[in-house]
Novice: 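The structure is given below, and queries will be raised subsequently.
Naming: A, B, ... by sequence-line order, numbering from 1 per chain. Side chains are part of it too, since the values below use all heavy atoms of this structure and drop only hydrogens, waters and symmetry mates.
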Amino acid sequence: MPKDGGIGASSKRREDLRFLTGKGKYTDDMNIHGQAYAYFIRSDVAHGTINSIDTSAAEAMPGVEKVFTATDFEGVGGVPCGWQVTDRFGEAMQEPKHPVLAEGKVRHVGDPIAVVVADSLAEARDAAEAVEIDITELEPVLNMKDALKDGATKVHDDLTSNLCYDWGFVEENRDAVDAAIKGAHHVTTLELKNNRLVANPMEPRVAVADYDDSTQEHTLYTTSQNPHVIRLLMGAFVLGIPEHKLRVVAPDVGGGFGAKIYHYAEEAFCTFAAKAVGRPVKWTSSRSEAFMSDAHGRDHVTKIELAMDENGKFLALRTDTHANMGAYLSTFAPSIPTWLHGTLMAGNYTTPLIYVNVKAVFTNTVPVDAYRGAGRPEATFQLERVVDKAAREMGIDPVELRRRNFITEFPYATPVAVEYDTGDYHATMDKLLEMSDHAGFEARAAESKANGKLRGFGIAHYIEACGIAPSNLVGQLGARAGLYESATVRVNATGSISVMTGSHSHGQGHETSFAQVVADMIGIDEQQIDIVHGDTSKTPMGMGTYGSRSIAVGGSAMVRATEKIINKAKKIAAHLMEASEGDIELKDGAFTVAGTDKSVAWGDVTLAAYVPHNYPLEDMEPGLEETAFYDPANFTYPSGAYGCEVEVDPETGKVTVLGFSAADDFGNIINPMIVEGQVHGGLAQGIGQALVENCAYDENGQLLSGSYMDYTMPRADDLPMFNVDHSSITPCTHNPLGVKGCGEAGAIGSPPALVNAVVDALQRAGHDVTHIDMPLTPDRVWSAMNS
Amino acid sequence: MNLSDSRTIKADIDTVWSALLNADVLKECVPGCQEMIGSPEKGFEAVVVQKVGPVKATFKGQVELQDMDAPNSVKIVGAGKGGAAGFAKGGADVRLEADGDSTVLHYDVEAKVGGKLAQLGSRIIDGFAKKMADEFFTRFQNALEEPEEEEETDADEETAKKGWFKRLVS
């Protein structure tokens with residue numbers, strides 16, 4: 001039965017009132033009296049040597065405060081990378097310097113060279129035209145395999161090559177995997193690309209910085225998913241500002257999808273410049289700038305081989321991936337193709353031997369980092385594509401082949417170093433087949449055929465790893481940060497509550513769902529609780545929101561802090577009712593003494609805590625405020641079965657997605673409506689990748705898809721009505737809520753389901769097509785059919 | 001972007017050759033050209049205002065003539081900076097062939113664009129370049145050729161229509 005509040009209720013998103021009525025306060029809404037505007041002059045070549053920069057004419061122009069170049073940043077640190085990967089020979093990755101403004105060389109179209117700060121944006125732009133920059137163009141490094149050849153042009157002259165690292169996982173299994181593949185009954189091989197994407201949050205990036213010279217305090221308003229991480233990276237590594245003198249605020253943020261996790265040069269620039277020019281400095285990215293300066297996603301080239309016995313039992317899996325890092329290492333870039341990708345290669349299957357090789361490569365392109373799913377979509381895509389191809393080669397139904405290899409006993413330790421706590425893959429598969437009316441497919445296919453169309457059905461089953469943890473493990477893996485989360489629960493005298501969470505909400509609905517959890521634990525109305533996030537001066541040190549970690553990690557911290565509150569409140573209640581603490585029960589917002597009719601309301605206890613006239617002052621401090629830091633023991637492992645039904649027009653190659661069903665296991669659900677919305681968004685992005693989105697460079701390293709004229713975003717008419725279910729629940733065993741996370745699942749499971757469906761449609765029509773690289777545009781599909 | 005074509009111009013090869021090296025002719029013939037100064041030996045400096053798709057810009061650039069083999073062939077190399085709009089650069093291999101009273105002009109053009117021009121205009125750049133080349137050679141042809149004989153045209157008009165470059169040099 002649907003609940004009308006608390007955990008499990010589809011409470012309406014309270015934040016939507018301000019978002020839908022134009023009352024949201026985004027970073028661009030922050031305007032500080034006297035602020036100047038920054039305009040970035042960016043490289044229009046992919047690779048070049050900067051011979052000279054003449055700013056004199058620009059600095060003489062009206063309204064210009066100062067023109068900054070790399071020389072102004074001597075003595076300032078580079079933009080740091082937050083993860084150091086160790087290669088398969090035990091060596092640290094190659095890590096180039098990433099200057100705030102280009103020093104001597106430009107390395108991608110969009111690389112910032114100089115910045116004009118002026119009274120108005122128009123004056124800054126005009127003056128930018130007068131900055132004379134002389135660049136000698138160099139040969140660009142674009143193709144990853146060519147970049148690794150001997151004698152290839154180098155992106156970074158001070159590195160030994162364009163190879164960031166050559167990672168093997170698990171290196172000790174390498175020979176055993178090779179041997180198993182050599183002796184196998186059948187090996188299915190697939191070569192594929194995971195197309196480069198641009199995140200395109202609706203709100204572009206913005207930074208507004210202020211400096212108070214009387215207190216030496218810096219304030220940065222920025223479009224970030226994790227303001228504390230920005231404060232730490234920028235304060236400690238770039239500008240040398242002590243944390244107590246640096247406040248970072250990420251107010252309402254209009255979508256992140258990963259691209260707003262990282263610390264960007266523009267944030268450091270504005271913070272630095274505000275002090276240098278003695279007035280606030282604001283930068284607002286244009287959409288064109290966003291295309292060439294927001295970190296991109298995906299861009300892997302992979303060969304995957306799956307070895308099977310005669311019954312289709314998976315024996316070994318070997319992958320060889322080239323992962324594009326772009327020109328510099330973005331904050332978490334090295335971890336994406338390694339620890340968030342290699343660890344997922346077992347999927348839902350009992351494959352006993354796995355070896356993953358990843359070569360991360362520098363090229364003259366925009367840096368690549370996490371994008372919704374981050375490594376897990378790349379893992380799932382190749383695995384679910386090769387399993388589908390294997391099923392066809394072995395003559396086994398794709399559903400049946402998956403079932404034969406499903407993991408059924410938990411906990412399950414994979415050969416790629418992770419331990420799945422719970423899951424029921426047969427249950428999600430059963431649910432999917434039911435939801436998608438799999439049994440009725442043949443009749444629908446016949447109908448399509450009669451209409452001259454080709455119908456296909458594709459399946460994918462995914463595993464995800466959310467809430468990357470624990471901190472001591474990720475430290476060993478090279479993370480330069482902890483991955484706990486924090487919460488402070490501040491109970492006010494009259495019983496209302498402010499929860500200060502280190503998680504950040506930029507579309508996820510935390511203000512609603514987090515309040516539901518606390519309300520449920522205490523038994524009071526959700527409206528009594530406010531969620532505060534996104535301001536380092538208000539919340540405890542938090543790691544922010546990415547990797548579907550908020551409810552699993554941030555929610556757990558909040559539960560732990562609320563438990564402390566309840567424990568203390570029970571002591572106060574015991575004092576008020578002159579009862580033993582052990583007999584106090586909390587239910588529906590009232591404390592009772594077990595077995596009696598004695599009762600004291602929540603509000604009376606909270607009032608006593610702050611007006612401690614009748615209070616055990618000798619035993620306990622007044623007040624009711626608690627903080628908890630939660631560091632999970634393990635990842636969480638959501639999983640699910642996705643089914644996609646398509647129709648291909650054989651005349652044009654156009655793919656129409658007729659139906660999409662998603663049967664997920666997210667563990668326990670806090671707010672089903674929000675979960676459904678998260679899955680819808682993920683599916684739209686996954687289908688966008690599979691069908692229309694593609695970031696393209698030309699042979700000179702010019703960004704061809706640099707606007708919405710050439711970069712296609714999925715629209716409502718590209719998508720079917722989604723059929724979403726999350727009733728298959730195997731709760732997580734190691735967090736207090738039993739939750740797993742749902743933010744990225746849709747984007748992880750959907751691309752292989754869609755490509756599998758198109759291949760199915762073509763093969764049913766007799767076309768010998770085993771793979772088409774994404775996006776499956778009419779041109780590519782038609783060409784594959786007619787080649 | 002690559003473009004190859006040829007044009008037959010009703011003028012002798014020496015006339016065509018000298019027109020090709022003349023700054024005034026180039027200024028008249030390059031679409032959107034505001035300024036063209038210089039010489040074949042030292043190269044030309046040009047200012048061109050053009051609109052490529054949504055991007056309008058003033059390009060300031062240099063044009064150099066390389067591998068000159070009078071009156072047979074020359075390589076024209078140019079690069080222009082359009083400020084925030086990005087840049088355009090390219091080269092044209094031009095080869096002249098006498099064909100009776102006429103001259104056949106062969107050209108192979110290679111062009112590159114960068115920055116905002118590539119970001120916003122690359123998918124229309126081929127069509128744009130072809131249009132620019134067509135316009136250039138049409139103007140070039142007009143500058144050199146006698147107009148078609150027409151009936152009942154008076155003398156003044158005829159003079160006006162006469163290829164202006166030929167009037168200049170004859």
Novice: Should we count NZ of A/Lys66 as having more than 12 external heavy atoms under 6.0 Å?
Specialist: yes
Novice: Any carboxylate oxygen within less than 4.0 angstrom of a Lys/Arg side-chain nitrogen, looking at A/Glu137 and B/Lys89?
Specialist: yes
Novice: How about CD on B/Glu64, more than 12 heavy atoms from neighbouring residues, nucleotides or ligands closer than 6.0 Å, or not?
Specialist: no
Novice: Heavy-atom count check: over 12 atoms from other residues, nucleotides or ligands less than 6.0 Å from A/Lys193 NZ?
Specialist: no
Novice: With rounding to the nearest 0.5 Å, note down the distance linking CD1 in B/Ile124 to CE in A/Met709.
Specialist: 6.5 Å
Novice: Starting at NZ of B/Lys116, measure out to CZ of A/Arg42 and round the result to the nearest 0.5 Å.
Specialist: 11.0 Å
Novice: Relative to chain B, which segment of A/Ile133 carries a heavy atom at a distance below 4.5 Å: side chain, backbone, both, or neither?
Specialist: backbone
Novice: Look at atom CG of B/Asp101 and say whether more than 12 heavy atoms of other residues, nucleotides or ligands are closer to it than 6.0 Å.
Specialist: no
Novice: If you count heavy atoms of other groups shown closer than 6.0 angstrom to CZ of A/Arg125, is the number above 12?
Specialist: no
Novice: Counting only heavy atoms not in A/Glu132, do more than 12 fall under 6.0 Å of its CD?
Specialist: no
Novice: Considering all heavy atoms of both residues, which atom of A/Val45 and which atom of B/Phe87 are nearest to each other, and what is their separation?
Specialist: CG1-CE2, 3.4 Å
Novice: Can you list the steps and then say if A/Ser707 with B/Gln119 is a side-chain contact (heavy atoms from CB on, under 4.5 Å)?
Specialist: CA-CA 7 Å; A/Ser707 80; B/Gln119 234 181 320; over 6 Å; no
Novice: In terms of heavy-atom pairs under 4.5 Å, which option from B/Gly83, B/Gly86, B/Gly114 contacts chain A the most?
Specialist: B/Gly114
Novice: To check you understand the geometry: which heavy-atom pair defines the closest contact between A/Gln702 and B/Gly115, and what is its length?
Specialist: OE1-N, 2.9 Å
